[in-house]
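A short worksheet on the structure shown next.
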Amino acid sequence: MYQVLENRIRETLAQFLRERYGIDVSIATSRPPKTDLGEIATPVCFELARRLRRAPRQLAEEIAPLLPPIPGVERWTVAGGGYLNAYLDRAAFFRDASLAGAAARAPHPEAPKIVVEHTNINPNKAAHIGHLRNAVLGDTFVRLLRHTGHRVEVQNYIDNTGVQVADVVVGFLHLENRRVEDVRQLAAQPKFDFYCWDLYARVTQFFEEDPARVELRNRTLKAIEEGYGIEAELAELIATAIVRCHLRTMERIGVEYDLLPRESEILRLKFWDAAFALLQQRGAVVYATSGKNAGCWVMPLSEADEATAAPEAKILVRSNGTVTYVGKDIAYQLWKFGLLDRDFAYRRFHTHPSGHTVWITASEAGEPDAPRFGRAAQVFNVIDSRQSYLQNIVAAGLRALGYHEQAERSVHFAYEMVALSPRCAEELGYPLSEEERRRAHVEVSGRRGTGVKADDLLDRLEARARAEVDARHPDDPDAERAARAHAIAVSALRYYLLKYARNTVVAFDFKDALSFEGETGPYCQYAVVRARNIFRKWAAQPTHSATAADGRLEVSLTPEQAARFLAPPEGNEFWELVLLAGSLDAAVEAAVVAQEPAFVAKYAFQLAQAFNNFYHRHHILTEADAARQAFLLMLTSLAMQQLEAALVLLGIEAPEKM
RNA sequence: GCGCCCGUAGCUCAGUUGGAUAGAGCGUCUGCCUUCUAAGCAGAGGGUCGGGGGUUCGAGUCCCUCCGGGCGCGCCA
């Protein structure tokens, strides 16, 4: 609702200034520090003052009385050195916000498609907290985009033919001397991803002990890429089993996908050949005949500099003819935009708990009723910021092909890594040097098997939540308590990963992550539960049960009464809650524009905090004045609805009881 | 060496195209449960926004510079 008012004010003001002063200026708006000063302010007169060479305060005083009426705006004042401050019609805002609710905008079926690629875990070991941050950020951003009416396709890229899978294959074959059948049995076990986590770390050690063993990896990788022998068979087996483990893990926190594109198909269907032909055709790659890159196909990244003699270039095809990761990524990015003259075949792979189907790519025999994947108008790649160099090269590749618009619309949705706080690393038994102990954080290494596994963390969160739930509601059915503990655990985890801005390194710490108090997901859920309790008890009163049976709040309150309860000064505290509750749309829009899901997390917490404060000060069920009680109920309803909606966008569900 | 990011309260972090008196959580201390659930609320204390210079009506925010820290820069992915 707030955003609607903001837009009205911006448009009206811009038009007014154009007509009266002949000036085109973008109108910035902000929230005044206190509601005494109004609800929406603009410093536009300062900008105007510069252009017209007049005093800002004088201009503001001249403009304020002349502004045309704006629906929802009661009056204007001039404040400070020349702010124009709008005072909203409180009762109208309350009514409109309550009526508008928090419904998502329906996407147009023909709207341009946005592809969001996230998760992308190497299918050779269990997921860890770093992967959780990726998935939670990506998933939340997808929810925000869909809520604002965008058509979104979620892709989770599976690098099933890479070095990491090859290493685990080497582990099974040469470290453990397993046969395919042995591995097949292991892969059917529930914690196969944990098994591979340890094996992968052992393989890393195995290579370090004797560098000559790397040859094993190279042979294995080649067999996997070309798809022959026991190695390829094992790689397929392992990667598919691990992908299923990852999907299970992500389903625990409410993350779902549309498509799993696999590297094996990019190879088999010769996506690279098509991309390479394009790159050659348009002169975007050159064959190096001399220098350190002799024998390779490279993409020049800068003009040859006479001073340095060696222009910057990225190798796309190695001298042995194999394609680098970036090369394959360029091909994949081209496919996402529908710029590659080929497509995958698709098969159903899995059904999420919601009933949604996840598709996987195939090289042949696709199912005929598969949706049309790819052909995006915009692509977000959720990848940690350590890969920004490579993401830039992918975009440079598109530009080199002349696809400037698609390069612009290739967004690296970057976020900083999740490391461990030194305390946490020591808790986990990793030895630290004196120097590391003084650091803000220490990096984990999947290669060495250090880090916090996603499922372990979730188990701990659920156990902790379960203990809290059991202490409060020992007599409730077991299944209900388990479901609530799960909802609380998910909320704690998702909020913890979403409250940090993307460019903040998260120094993971069990104490913070396992907390259910203060700025946490459970705190936000608790506010919703408190509101629900009020309605449950209110509806249980004999005189109300009839009206509340359909879940809708039916109380009688005239606009005049609402206006009276919201009037300053006594009504200010209510008005501030109304205003905040009515600002979800503005928070979501800001989050989408800035690509920063943390904005919505912060908003949810603020609203929960404001509601808890209100809850504490006003006892609704014992309110004697019927009109006042009706008002308080409506206010509670508004705050609850908006908070619930904000939480759903964060992937958090409030349980009935806590 | 080059590139990107960060430096705000004891700790962890917000601070939306530059805007009004810089905020929150945790921790510390003090109060509040016969009340709609205390996973809560209220209060106290805590700041040269890393240092210096500049831009302007106005800088935590933009520019320059220095200091400190993180991450990249491979015929790995």
Side-chain angles (χ1 to χ4, degrees), chain A residues 26 28 30-34 37 41-43 46 49-50 55-57 79-83 85 122 159 162-164 217 221 263 292-298 312 314-322 324-326 328-329 384-390 392 414 416-417 419 421 439-441 443 465 468-469 472-473 488 492 499-501 503-507 509 511-512 515-527 529-538 586-587 589-591 593-594 596 598-599 601-602 605-606 609 612-613 615-623 636 657-658:
Chain A
S26 75
S30 64
R31 277 284 294 278
K34 285 191 292 189
L37 293 167
T42 173
F46 295 106
R50 196 194 332 264
R57 172 106 201 171
Y83 285 95
N85 291 9
N122 266 304
D159 183 6
V163 176
Q164 296 213 18
R217 168 200 276 169
L221 185 58
E263 189 178 69
K292 59 173 183 173
N293 297 335
C296 301
W297 283 91
V298 304
E312 211 188 327
K314 186 70 195 171
I315 293 169
L316 299 189
V317 182
R318 304 182 185 101
S319 54
N320 68 3
T322 58
T324 61
Y325 169 76
V326 195
K328 284 178 274 195
D329 220 20
D384 82 74
S385 56
R386 285 174 291 193
Q387 299 208 41
S388 59
Y389 171 69
L390 293 167
N392 286 337
E416 282 288 347
M417 62 178 171
S421 74
R439 288 183 173 206
H441 48 81
E443 221 174 319
E468 296 283 340
V469 169
R472 280 156 231 248
H473 306 284
I488 291 164
K499 72 176 187 174
Y500 299 98
N503 59 8
T504 299
V505 176
V506 174
D509 195 283
K511 182 177 157 293
D512 298 334
S515 170
F516 297 161
E517 288 166 19
E519 196 196 340
T520 65
Y523 174 97
C524 299
Q525 290 174 303
Y526 190 56
V529 169
R530 283 176 140 182
R532 284 196 191 143
N533 284 344
I534 295 173
F535 289 115
R536 191 170 36 239
K537 295 217 171 183
W538 185 76
E589 181 64 20
V593 169
E596 187 59 271
F599 288 174
K602 294 283 171 190
F605 174 66
Q606 275 176 24
Q609 208 173 27
N612 273 332
N613 176 289
Y615 175 92
H616 180 78
R617 292 165 67 119
H618 303 282
H619 200 269
I620 296 168
L621 294 182
T622 56
E623 175 57 53
T636 301
K657 283 201 213 169
M658 277 179 82

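These values consider heavy atoms only, across backbone and side chains, with no hydrogens, waters or symmetry-generated copies.
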Exercise for the section: Remember a base hit wins even if backbone is also touched, and classify A:N85 as base, sugar-phosphate or nothing at under 4.0 Å, heavy atoms. Expected result: base

Exercise for the section: Quote, to the nearest angstrom, the P distance that separates B:C5 from B:A44. Expected result: 39 Å

Shorter than 3.5 Å, N or O on both sides, protein versus nucleotides 75-77 of chain B: list them out with atom names.
| unit_1 | atom_1 | unit_2 | atom_2 | d |
| --- | --- | --- | --- | --- |
| B:C75 | O3' | A:R318 | NE | 3.0 |
| B:C75 | O2 | A:S319 | N | 3.2 |
| B:C75 | O2 | A:S319 | OG | 3.0 |
| B:C75 | N3 | A:S319 | OG | 2.7 |
| B:C75 | N4 | A:A294 | O | 3.2 |
| B:C76 | OP2 | A:R318 | NE | 2.7 |
| B:C76 | OP2 | A:R318 | NH2 | 3.2 |
| B:C76 | O3' | A:R318 | NH2 | 3.3 |
| B:A77 | OP1 | A:R318 | NH2 | 2.4 |
| B:A77 | OP2 | A:R318 | NH2 | 3.0 |
| B:A77 | OP2 | A:Y325 | N | 3.2 |
| B:A77 | O3' | A:D159 | OD2 | 2.5 |
| B:A77 | O2' | A:D159 | OD2 | 3.4 |

Completion exercise
Contacts of A:F46 meeting ring pair (Phe, Tyr, Trp, His ring centres under 6.0 Å) (sequence neighbours excluded), chain-then-number -> A:Y83

Exercise for the section: Applying ring pair (Phe, Tyr, Trp, His ring centres under 6.0 Å), name anything that partners A:H473, two or more places apart in sequence or on another chain. Expected result: none

Exercise for the section: Using a heavy-atom cut-off of under 4.0 Å over every strand shown, decide if A:A591 touches base, sugar-phosphate, or nothing. Expected result: nothing

Practice task
Mind checking side chain to side chain contact (heavy atoms under 4.5 Å, CB included) for A:R530 and listing every partner two or more places apart, or none if nothing turns up?
Solution key: A:Y526, A:F611, A:N612, A:Y615

Handout entry: Side chain proximity check, A:Y325 to A:L390, heavy atoms < 4.5 angstrom
Key = yes

Practice task
Locate the shortest heavy-atom distance separating A:P43 from A:A28; write the atom from each residue and the value.
Solution key: CD-O, 3.4 Å

Exercise for the section: Give one of base, sugar-phosphate or nothing for A:F599, where a contact means two heavy atoms less than 4.0 Å apart. Expected result: sugar-phosphate

Fill in the blank from the handout: Looking only at heavy atoms, the pair that brings A:A79 and A:L37 closest together is CB-CD2, 4.3 Å

Practice task
Looking at every strand, decide which applies to A:E443 at a 4.0 Å heavy-atom threshold: base, sugar-phosphate, or nothing.
Solution key: sugar-phosphate

Problem - salt_bridge(A:D509, A:K511) N-O dist < 4.0 Å - result: no

Practice task
Determine the contact category for A:R439: base if any of its heavy atoms lies under 4.0 Å from a base atom, sugar-phosphate if only primed atoms, P, OP1 or OP2 are that close, otherwise nothing.
Solution key: sugar-phosphate

Problem - B:G19 pyrimidine/purine six-ring stacking with A:Y83, under 5.5 Å and 30° - result: no

Using a cut-off of under 3.5 Å, enumerate the N/O to N/O pairs linking the protein to nucleotides 2-10 of chain B.
| unit_1 | atom_1 | unit_2 | atom_2 | d |
| --- | --- | --- | --- | --- |
| B:C6 | OP1 | A:N503 | ND2 | 3.1 |

Handout entry: From B:A24, B:G72, B:A20, nucleotide with atom closest to A:Y389 side chain
Key = B:G72

Exercise for the section: Quick one: list whatever passes side chain to side chain contact (heavy atoms under 4.5 Å, CB included) with A:V298, sequence neighbours left out. Expected result: A:V286, A:N293, A:C296, A:A313, A:I315

Exercise for the section: May I ask you to say what A:A28 touches in the nucleic acid, namely base, sugar-phosphate or nothing, with a heavy-atom cut-off under 4.0 Å? Expected result: base

Exercise for the section: Write down the atom of A:K499, the atom of A:E519, and the distance for their closest heavy-atom approach. Expected result: NZ-O, 3.6 Å

Exercise for the section: Would you mind reporting whether A:E468 and A:M658 have side-chain heavy atoms less than 4.5 Å apart? Expected result: no

Practice task
Check the distance between B:C13's P and A:D512's CG and give it to me in whole angstrom.
Solution key: 9 Å

Fill in the blank from the handout: All heavy atoms of A:C524 vs all of A:F605, minimum pair found to be SG-CA, 3.7 Å

Practice task
Please list, chain by chain and in numerical order, all residues satisfying side chain to side chain contact (heavy atoms under 4.5 Å, CB included) with A:R318, sequence neighbours excluded.
Solution key: A:N320, A:T322, A:T324

Exercise for the section: Check side chain to side chain contact (heavy atoms under 4.5 Å, CB included) between A:K328 and all other residues, then give those that pass, not counting sequence neighbours. Expected result: A:E225, A:E263, A:L267, A:V323

Exercise for the section: Answer with base, sugar-phosphate or nothing: what part of the nucleic acid does A:A501 contact at a heavy-atom distance below 4.0 Å? Expected result: sugar-phosphate

Exercise for the section: For each nucleotide in nucleotides 38-44 of chain B, reading 5' to 3', give B when a protein heavy atom comes within less than 4.0 Å of its base, S when such contact involves only the sugar-phosphate, and - otherwise. Expected result: SBBSS--

Please write out each protein N/O paired with an N/O of nucleotides 21-23 of chain B under 3.5 Å, distance rounded to 0.1 Å.
| unit_1 | atom_1 | unit_2 | atom_2 | d |
| --- | --- | --- | --- | --- |
| B:U21 | O4 | A:K34 | NZ | 3.2 |

Exercise for the section: Identify whether any heavy atom of A:V529 sits under 4.0 Å from a base atom; if not, whether one sits that close to sugar-phosphate; answer base, sugar-phosphate or nothing. Expected result: base

Practice task
Kindly indicate whether the side chain of A:M417, heavy atoms from C-beta on, has any atom under 4.5 Å from the side chain of A:V505.
Solution key: yes

Practice task
Please list, chain by chain and in numerical order, all residues satisfying ring pair (Phe, Tyr, Trp, His ring centres under 6.0 Å) with A:Y500, sequence neighbours excluded.
Solution key: A:Y496

Exercise for the section: Map every base of RNA chain B to its dot-bracket character, where paired means a Watson-Crick or G-U wobble contact with both distances under 3.5 Å and | marks a partner outside the strand. Expected result: (((((((..((((.....[...)))).(((((.......))))).....(((((..]....))))))))))))....

